[in-house]
Protein chains: 2
Amino acid sequence: MTVQHPKDRYHHGDLKNALLQAAETLLAETGAAGLSLRAVAKAAGVSHTAPYRHFKDKAALLCALAQAGFERLRLAIHAAADAVPHDAGQKLIAAGSAYVTQAVRNPELTRLMFGGVTEPGDDGASHAADAAFESLVWIITAGVQAGAFRDRDPYELALVAWTSMHGLAMLIAAGLLQVDAGDEAQVDTLVRSVAQNLLYGISK
Amino acid sequence: MTVQHPKDRYHHGDLKNALLQAAETLLAETGAAGLSLRAVAKAAGVSHTAPYRHFKDKAALLCALAQAGFERLRLAIHAAADAVPHDAGQKLIAAGSAYVTQAVRNPELTRLMFGGVTEPGDDGASHAADAAFESLVWIITAGVQAGAFRDRDPYELALVAWTSMHGLAMLIAAGLLQVDAGDEAQVDTLVRSVAQNLLYGISK
DNA sequence: ACCTGAACACCGTTCAAGT
DNA sequence: ACCTGAACACCGTTCAAGT
């Protein structure tokens, strides 16, 4: 009768992940402002000082959460683009859709990711953010090489694609662009509209 | 000898503005997370409960701050577009530049404005946000009528313009796009690059 | 190594009380 | 009307102590 009840698992190296998972759940419920380290610890079933064994402070935990968000974002972009063969424009639309969809599904996480927790710059979160952007650059670069996009610096083209999709994602996450939470077709319509105008220009 | 020292002016209806001004200063220094109502009150020279005479709670004060930011944004967009006669594309670039410039100069305020404080929806902040967006719609609408832009729903065209400029502004405010704080020419270059691609499309 | 409990300085908010 | 001071429940963080 020693290590049967689940609480004991936290003494075996799982606490860090348990804390991150609890934090993400609380984040979605209360928002970053209302998230307290003590509540996270309580949700994970440990004392309110236990998290300091795994995270330097509250900011470090939020940073780790943001980093995980960026990594998921990179994977989602990658997977979405890979699922569409050949057509670079369609790949871009699929990637943008993945980007915006994650924001719609996790508005609080999105606000955390792009809310400046990643200020220090030297930490893993900004690295993960850069990697997510790189995945967009690759799509554009491939498109330029395939002759689908204008013959410019892929970074410049990727930047405008990134800003468009990011802006759409952030406006939705901020609640300034109303989107029915469940209606993913609506998200797709928005993304396609923005992407069409982006691909062919709004000028006559 | 009754009302000579400035503190007394707060007893004459100025406290609300004094609090807002103190809050904006502290916001720029510490960020929204580190901003405490008690520190704002102290900076304004009143007790820590005095703000409750003018704001329902801390969120209400932050909301008022965001609202002021949206109003300034609308005025800046309006002024920038007005300063460029005739050419709709140039008006759009000027408006976008004003949008991004405000974000570069006030990153913390920008994060506050678009960080979801305006959730309730029924308050003045979201109204002010809508008004700022409307100022972009007007520019596009005028451009469509003048035959400068594609003959589509101006809202759709304004949305893609908005998302692009908003995305650029937010990436800079989040620190993901490095911009020298003082270098406004760099901001202008970025805006022009995004606007060019937006106007003429990235597709070949 | 990993976790606890007491302690400290802070915070938002409420409320009775002062002018 | 407008502001104060004490009070309450909470918070992040530190630290000595336990196993």
Side-chain angles (χ1 to χ4, degrees), chain A residues 1-23 25-27 29-66 112 115-117 119-120, chain B residues 1-23 25-27 29-66 112 115-117 119-120:
Chain A
M1 277 302 199
T2 46
V3 287
Q4 299 313 338
H5 37 308
K7 265 181 79 172
D8 285 341
R9 293 206 36 243
Y10 301 149
H11 297 249
H12 293 231
D14 231 11
L15 181 53
K16 185 168 185 174
N17 284 321
L19 288 169
L20 282 172
Q21 199 172 318
T25 303
L26 287 173
L27 177 70
E29 288 170 6
T30 69
L35 188 154
S36 89
L37 205 50
R38 288 166 102 112
V40 171
K42 183 180 250 182
V46 291
S47 82
H48 64 269
T49 58
Y52 288 90
R53 286 292 125 197
H54 301 279
F55 299 99
K56 181 178 145 283
D57 53 19
K58 188 185 178 183
L61 193 157
L62 294 179
C63 245
L65 226 47
L112 177 68
V117 198
E119 295 261 35
Chain B
M1 277 303 199
T2 46
V3 286
Q4 300 313 339
H5 36 306
K7 267 181 79 173
D8 286 340
R9 294 205 36 241
Y10 301 150
H11 298 248
H12 294 232
D14 230 13
L15 181 53
K16 186 167 185 175
N17 284 322
L19 288 169
L20 284 172
Q21 199 173 319
T25 302
L26 286 173
L27 177 70
E29 288 170 5
T30 68
L35 188 153
S36 89
L37 204 50
R38 289 167 102 112
V40 171
K42 182 180 252 185
V46 290
S47 83
H48 64 269
T49 56
Y52 289 89
R53 287 291 124 197
H54 301 279
F55 300 98
K56 183 178 144 283
D57 53 20
K58 187 185 178 182
L61 193 157
L62 293 179
C63 246
L65 225 47
L112 177 67
V117 198
E119 295 262 33

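Letters A, B, ... are given to chains in the order of the sequence lines, protein chains preceding strands, and every chain is numbered from 1.
Rounded to an integer number of Å, the gap from NE2 of His54(A) to C1' of dC3(C) is 9 Å. Between Lys16(B) atom NZ and dC3(D) atom C1' the separation is 17 Å, expressed in whole Å.
Residues meeting the side-chain contact (heavy atoms from CB on, under 4.5 Å) test with Ala33(B), sequence neighbours left out: none. Scored by the side-chain contact (heavy atoms from CB on, under 4.5 Å) test, Gln21(A) finds no partners at all (sequence neighbours excluded). In terms of the side-chain hydrogen bond (donor to acceptor under 3.5 Å, both in side chains) criterion, Ser36(B) has no residue partners (sequence neighbours excluded). Not counting sequence neighbours, the partners of Thr49(B) by the side-chain hydrogen bond (donor to acceptor under 3.5 Å, both in side chains) test are Ser47(B).
Interatomic distance, CG of Leu37(A) versus CG of Leu19(A), reported as 8.0 Å (0.5 Å rounding). Atoms NE2 and CZ, on His48(B) and Arg38(B) in that order, are 4.0 Å from each other to the nearest 0.5 Å. Between the CG atom in Leu112(B) and the CG atom in Leu35(B) there is a gap of 9.0 Å [rounded to 0.5 Å]. The distance from the NE2 atom of His54(B) to the CG atom of Leu20(B) is 10.0 Å, given to the nearest 0.5 Å.
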Dot-bracket assigned to DNA chain C with the 3.5 Å Watson-Crick/G-U criterion, [ ] for crossing and | for other-strand pairs, is ||.|||||...|||||.||
Indicate for each nucleotide in nucleotides 6-19 of chain C, in 5' to 3' sequence, whether protein heavy atoms under 4.0 Å reach the base (B), only the sugar-phosphate (S), or nothing (-). BB---BBBB-----
